[in-house]
Amino acid sequence: MSTFDTRDLRAAFGSFLTGVTVVTARGEDGVPVGFTANSFTSVSLEPPLLLVCPGRFLSSFDAFKNCRHFAVSVLAEGQENVSNTFASFKGDRFARVEIDCDLHDIPVIRGAAAVFSCETAQVLNAGDHALLMGEVRDFRHSGAQGLGYAGGKYFSLGLEQRAASAPRKGLENIASAIIENDGAVFLLRDGASYALPQVVVERRGLLRDALGARLHALGLDVELAQVYSIYDRAEVGEHHTCFRAAYRKGTSTEGHFVPINQLAEMIFSVPGQSATLKRYAMEHQTGQFGLYVGDVDGGDIHYH
Ligand SMILES: Cc1cc2nc3c(=O)[nH]c(=O)nc-3n(C[C@H](O)[C@H](O)[C@H](O)COP(=O)(O)O)c2cc1C
């Protein structure tokens, strides 16, 4: 028996960025089974081998342990719902998503970034999981960006990259940060109102560096995370990129942490920040944070 704290070990494993797959097979009765897995690994090109690790806790564990064939669908950006369905829905998972059948008549996920159809090569016991190794008999890939997963959350690299690198001719680039610590967000006092810390950036490629330097100058040591909101204020020639950030240490005399449940009532001096922080307060309750792309009046929220 190890003396590790299992939750802590899980969190440490979770710092490894992965994609997300759905692994499917048929039970002995022919009924399809499937689960979401990020334990997918490519193993060998010659022969073509891959590996996934089904947990013993899966209701479908016996089906996977004994299957002759199985398939791995690598989920594409935007397929978070498919991942959630195959991770937690308890009814007929296949009725809720669009599927095709592969050469072994195993259902696979339509729109996946890649699909591998396998013949089982080896099954090994491995603690509370098993190693299910398959020899690839057929595969396809669409060139779509894969859905990302890190630290228990989805991310969409392609979407962020496209939005953050879109040319904004003539607009001034402004980067801001929602720095969270213990249920509160750091705000600067701006007279009678409040503002997120922000900085004007010379070149779009330098957004993170410039914002990091600004926050450092304020006395705050933070870890900048994903982009949360991208919007134009064309009337004043500004293009805003707002990042989520985690507080590490430091104090600033220019502002303070405000509890997230008070954000909806605060007055902000920068138009756009009020709506951004209202959404942040709402999404904080569920832990599902989207990416807003638009302008001050309207836009789309993409959920990672
Ligand atoms: C992103 C993600 C990755 C996962 N990876 C694995 C995995 O590699 N192996 C596994 O056994 N379960 C994994 N799970 C959990 C299973 O998907 C989940 O326990 C399973 O669908 C439950 O199925 P059941 O209700 O049929 O037992 C993962 C879940 C998520 C959200």
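Only this structure's heavy atoms are used, side chains among them; waters, hydrogens and symmetry mates stay out. Remember, it's 1-based here, ligands and their atoms both numbered in the order they're listed.
Shown in contact with Tyr149 at under 4.0 Å from a heavy atom are these atoms of ligand 1, numbered in order with element: 1 (C). Taking every non-hydrogen atom of Lys90 and a distance limit under 4.0 Å, the qualifying atoms of ligand 1 come out as 24 (P), 25 (O). Close approach of ligand 1 to Ser59 is summarised as follows: ligand atoms under 4.0 Å from at least one heavy atom of the residue are 24 (P), 26 (O), 27 (O). Using a 4.0 Å cut-off to heavy atoms of Leu58, the atoms of ligand 1 that qualify are 11 (O), 19 (O), 20 (C), 22 (C), 23 (O), 27 (O).
Summary of contacts: the protein heavy atom closest to atom 19 (O) of ligand 1 is Phe57 CE1, 3.5 Å. Atom 18 (C) of ligand 1 has its closest protein heavy atom at Ala87 O, 3.4 Å.
Annotation: cation-pi geometry satisfied between Arg96 and Phe89 (NZ/CZ under 6.0 angstrom from ring centroid, within 45° of ring axis). Under a cutoff of 6.0 Å and an axis angle of 45°, Arg244 and Phe289 form a cation-pi pair.
Note that the CZ atom of Arg56 and the CZ atom of Phe61 stand 4.0 Å from one another [nearest 0.5 Å].
Contacts between Pro54 and ligand 1, counted as non-hydrogen atom pairs separated by less than 4.0 Å, involve the backbone only.
Backbone and side-chain nitrogen or oxygen atoms of Thr36 are examined, and one is located within less than 3.5 angstrom of a nitrogen or oxygen of ligand 1. Checked by distance only, ligand 1 and Arg93 come closer than 3.5 Å through their nitrogen or oxygen atoms. Checked against a 3.5 angstrom limit, the closest N/O atoms of Ser39 and ligand 1 fall inside it. The shortest N or O to N or O distance between Phe86 and ligand 1 is below 3.5 Å. Taking any N or O of Asn38, backbone or side chain, at least one lies under 3.5 Å from an N or O belonging to ligand 1. In terms of polar-atom proximity, Cys53 is counted as a contact of ligand 1, with an N or O under 3.5 Å from an N or O of the ligand. Checked by distance only, ligand 1 and Gly55 come closer than 3.5 Å through their nitrogen or oxygen atoms.
Using cut-offs of 30° and 60° for the angle between ring planes, the Tyr194 and His256 rings count as perpendicular.
Of all the heavy atoms in Phe94 and Pro107, the pair that sits closest is CE2-CG, 3.6 Å. For the residue pair Phe70 and Val23, the shortest heavy atom distance occurs at CD1-CG1, 4.0 Å.
Scored by the ring pair (Phe, Tyr, Trp, His ring centres under 6.0 Å) test, His284 finds no partners at all (sequence neighbours excluded).
Under the 4.0 angstrom criterion for non-hydrogen atoms, Phe61 is not in contact with ligand 1.
Remark: side-chain polar atoms of Ser142 are paired, donor with acceptor, to backbone N or O of Ala144 under 3.5 angstrom.
Ring to ring, Tyr280 and Tyr228 are close: their centroids are under 6.0 angstrom apart. The ring of Phe35 has its center no closer than 6.0 angstrom to the ring center of Phe86.
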